[in-house]
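Contents: one structure, followed by commentary.
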Amino acid sequence: MISGDLFAASDLPSCLQIKPDVFLLQGFAVAQAEILLTHIRQIAAQSPFRNMQTPGGFYMSAAITNCGEFGWLSDQHGYRYSAIDPQRQQGWPPMPQCFYRLADHAARLAGFAQFHPDVCLINRYETGAKMGLHQDKDELDFSQPIVSVSLGRSALFQSIPLAHGDVIVWGGTARRHYHGVVKLTSADHPLTGDYRFNLTFRRAR
Ligand code: MD6
Ligand code: FE
């Protein structure tokens, strides 16, 4: 039986606009964190995390893999999306239904009712890893937001502290803003140990 309490205001997930067109859903993915981490392990068993080379010849400190129709890649030739994981010479593992549902739900709460991600880029950070200042601009349609899910250890994303289970929806005027992740200092999380994982859902094509 559905009780009135199910729809009490306090049960609605909070969705805070923290900057123009940047929404923070604090703890939104906490309840699903363990199943998400299980899927990440299964994806990585097929398409392993790897430290990709940048066009400048350096290696990224965050290790990356993908699931979905396409995956984001960096190598000496540049940044791009590809339907093929060059490491295994076949497609990326499929995007689990629960990933898709989480991204869709978060996007809706932030006002993006028509988000259709075809990529989930998965970043893995350990102590000392960071993500330099960048724009996400390899996608075709900038009216589609990016939904970002943080798992495990906390990190500072621009001036925003992101904790386990926090979700960011990044769209509209913010979509092409520069951003980065500050170098992680030593700390452990009970579910991920030394690691922080970040899922970013995107529409590439
Ligand atoms: C990270 N995130 O949080 C890296 N990009 O590890 C991103 O680069 C990012 O969280 C675009 C939109 C949301 C993001
Ligand atoms: Fe980004």
Side-chain angles (χ1 to χ4, degrees), residues 15-29 33 36-37 40 43-44 49-52 54-55 59-68 70-74 78-81 99 102-104 106-107 109-112 115 117-185 187 189 192 194-204:
C15 179
L16 275 175
Q17 183 160 354
I18 51 174
K19 296 183 181 179
D21 295 325
V22 178
F23 300 87
L24 173 62
L25 292 83
Q26 247 167 344
F28 187 68
L36 296 173
L37 288 165
I40 292 171
I43 290 161
F49 283 102
R50 75 281 315 247
N51 294 91
M52 293 184 183
T54 64
Y59 282 87
M60 298 178 67
S61 58
I64 289 177
T65 188
N66 294 273
C67 65
F70 302 98
W72 184 86
L73 288 178
S74 173
Y79 308 126
R80 67 189 171 281
Y81 286 98
F99 278 34
L102 173 67
D104 176 65
L109 289 169
F112 296 93
F115 181 43
D118 54 11
V119 177
C120 175
L121 166 61
I122 309 175
N123 292 323
R124 188 188 70 189
Y125 300 78
E126 51 198 336
T127 299
K130 64 180 175 69
M131 181 73 67
L133 219 54
H134 67 277
Q135 293 171 291
D136 290 66
K137 57 176 186 186
D138 302 318
E139 302 76 26
L140 287 182
D141 179 2
F142 294 110
S143 72
Q144 291 272 297
I146 293 179
V147 173
S148 159
V149 179
S150 291
L151 296 169
R153 297 175 51 185
S154 302
L156 206 53
F157 173 76
Q158 297 312 95
S159 51
I160 312 164
L162 292 180
H164 178 66
D166 286 353
V167 175
I168 290 261
V169 183
W170 176 272
T173 58
R175 183 63 180 70
R176 270 179 281 189
H177 283 180
Y178 276 91
H179 56 279
V181 175
V182 177
K183 189 188 277 196
L184 265 71
T185 52
H189 187 278
T192 65
D194 186 37
Y195 291 133
R196 169 180 183 259
F197 294 95
N198 176 257
L199 311 175
T200 46
F201 294 91
R202 299 116 185 284
R203 177 83 193 177

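We count ligands from 1, going down the list as the structure has it; atoms in each ligand are counted the same way.
Distances between N or O atoms of R196 and those of ligand 1 include at least one value under 3.5 Å. Polar contact check, R202 against ligand 1: no nitrogen or oxygen pair lies under 3.5 Å apart.
Proximity of a side-chain donor or acceptor of R153 to a complementary backbone N or O of A187 within less than 3.5 Å is detected. Although no hydrogens or angles enter the test, the distance criterion places a donor-acceptor pair under 3.5 Å between the side chain of H134 and the main chain of G132. In this structure a side-chain-to-backbone donor-acceptor pair under 3.5 Å is missing from S150 to G165.
In this structure, W170 has its ring center closer than 6.0 angstrom to the ring center of F157.
Listed by number with element, the atoms of ligand 1 under 4.0 Å from a non-hydrogen atom of I146 are 11 (C), 12 (C), 13 (C). Below 4.0 Å from some heavy atom of H134 lie the following atoms of ligand 1, by number and element: 8 (O). Taking a cut-off of under 4.0 Å to the non-hydrogen atoms of V181, the atoms of ligand 1 that pass are 1 (C), 3 (O), 4 (C), 6 (O).
Contacts between T200 and ligand 1, counted as non-hydrogen atom pairs separated by less than 4.0 Å, involve the side chain only. At a heavy-atom distance under 4.0 Å, no atom of M131 approaches ligand 1.
Between P145 and F115, the shortest heavy-atom distance links the atoms O-CE1, 3.2 Å. Listed here is the closest heavy atom pair of D194 and T127: OD1-OG1, 2.8 Å.
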Could you go through D141 and R203, starting from their C-alpha distance and side-chain angles, then the distance that decides it, and tell me whether this counts as salt bridge (Lys or Arg N to Asp or Glu O under 4.0 Å)?
CA-CA 7 Å; D141 179 2; R203 177 83 193 177; over 6 Å; no

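Within the structure, ligand 1 has H179 among the residues with a heavy atom less than 4.0 angstrom away. Under a 4.0 angstrom heavy-atom cut-off, I168 registers as lying outside contact with ligand 1.
Scanning all protein heavy atoms for the shortest distance to atom 6 (O) of ligand 1 gives Y125 OH, 2.5 Å. Protein heavy atom at the shortest distance from atom 13 (C) of ligand 1 is S148 CB, 3.7 Å.
If you take NE2 on H189 and OG on S154, they are separated by 7.0 Å, rounding to the nearest 0.5 Å.
Here the angle centred on the Fe ion (ligand 2), running from NE2 of H134 over to OD1 of D136, is 90°, rounded to 10°.
Taking the Fe ion (ligand 2) as reference, H179 places its N/O/S atom NE2 nearest.
A cation-pi geometry, defined here as NZ or CZ lying under 6.0 Å from the six-membered ring centre and within 45° of its normal, holds between R196 and Y125.
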